[in-house]
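For reference, the structure is listed below as structure tokens.
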Amino acid sequence: MLDFLATVIAVLALLAALAHDGYLAMLGSAAKRRAGGEPVAQYVRSRVPVAAVTTGAALLALALSTGGAFADVLAIIAGAGGGVGAMKALEGTRSRYRTGG
């Protein structure tokens, strides 16, 4: 049961981290194509380390979820931390650049 829970948390954390990575990639791509998009591109570059850390934590959690009970507990902790961090970072970026509507 603990193995299943660790795997589910790790997969959800990875999905959240990849959503943040993808949103930053789309935002950066749009900023490069638009005149005057340098401030947005600079913001995206400043958020890349956060995205890398949360994705790394989620991948670590996924790798740990294949181990024993102690590794599963570590996977749950790493997955929860990476997932929550990625979701907060994604929401912060979305709220900063959200348009009306």
Side-chain angles (χ1 to χ4, degrees):
M1 182 66 178
L2 192 60
D3 184 46
F4 176 73
L5 182 63
T7 303
V8 168
I9 290 173
V11 168
L12 290 175
L14 186 60
L15 288 175
L18 291 177
H20 182 230
D21 296 346
Y23 191 77
L24 286 177
M26 287 189 314
L27 197 59
S29 175
K32 286 179 189 175
R33 287 183 277 141
R34 177 170 233 137
E38 183 55 34
V40 176
Q42 187 177 19
Y43 174 78
V44 168
R45 284 191 300 272
S46 75
R47 301 305 290 172
V48 166
V50 173
V53 167
T54 57
T55 303
L59 287 171
L60 175 67
L62 194 59
L64 286 172
S65 70
T66 62
F70 182 71
D72 287 340
V73 171
L74 292 178
I76 290 170
I77 293 168
V84 168
M87 286 306 297
K88 285 187 176 191
L90 175 61
E91 188 56 38
T93 303
R94 287 186 65 212
S95 67
R96 181 177 177 135
Y97 292 107
R98 183 172 291 154
T99 59

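Excluded from the calculations below are hydrogen atoms, water molecules and symmetry mates; all remaining heavy atoms, backbone and side chain alike, are included.
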Going by atom type alone, with no hydrogens or angles, which donor-acceptor pairs under 3.5 Å involve a side-chain atom of residues 60-68 and a protein atom two or more places apart or on another chain?
residue : atom : partner : partner atom : Å
S65     : OG   : L62     : O            : 2.7
T66     : OG1  : A63     : O            : 2.8

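With hydrophobic clusters built from ILVMFWY side chains whose heavy atoms lie under 4.5 angstrom apart, M26 shares a cluster with L24.
I77 meets the side-chain contact (heavy atoms from CB on, under 4.5 Å) test with V73; sequence neighbours excluded. Residues passing the side chain to side chain donor-acceptor pair (under 3.5 Å) test with R45, sequence neighbours excluded: E38.
Listed for the T54 side chain is a donor-acceptor partner under 3.5 Å among the backbone atoms of A51. S29 places no side-chain N or O within 3.5 Å of a backbone atom of A25 that could act as its donor or acceptor partner.
Every pair passing ring pair (Phe, Tyr, Trp, His ring centres under 6.0 Å) that includes a residue from residues 32-64 is listed here, sequence neighbours excluded: Y43-Y97. Residue pairs meeting the ring pair (Phe, Tyr, Trp, His ring centres under 6.0 Å) criterion with at least one partner in residues 54-83, sequence neighbours excluded, do not occur; the list is empty. Judged as a ring pair (Phe, Tyr, Trp, His ring centres under 6.0 Å), not a single pair has a partner in residues 2-42 (not counting sequence neighbours).
For the pair A6 and I76, the tightest heavy-atom approach, listed with the atom from each and the gap, is CA-CG1, 3.7 Å.
Looking at L14, I9, V8 one by one, the single match for side chain to side chain contact (heavy atoms under 4.5 Å, CB included) with L12 turns out to be V8.
A salt bridge is defined here as a Lys NZ or Arg NE, NH1 or NH2 lying under 4.0 Å from an Asp or Glu carboxylate O, and R98 with E91 meets this definition.
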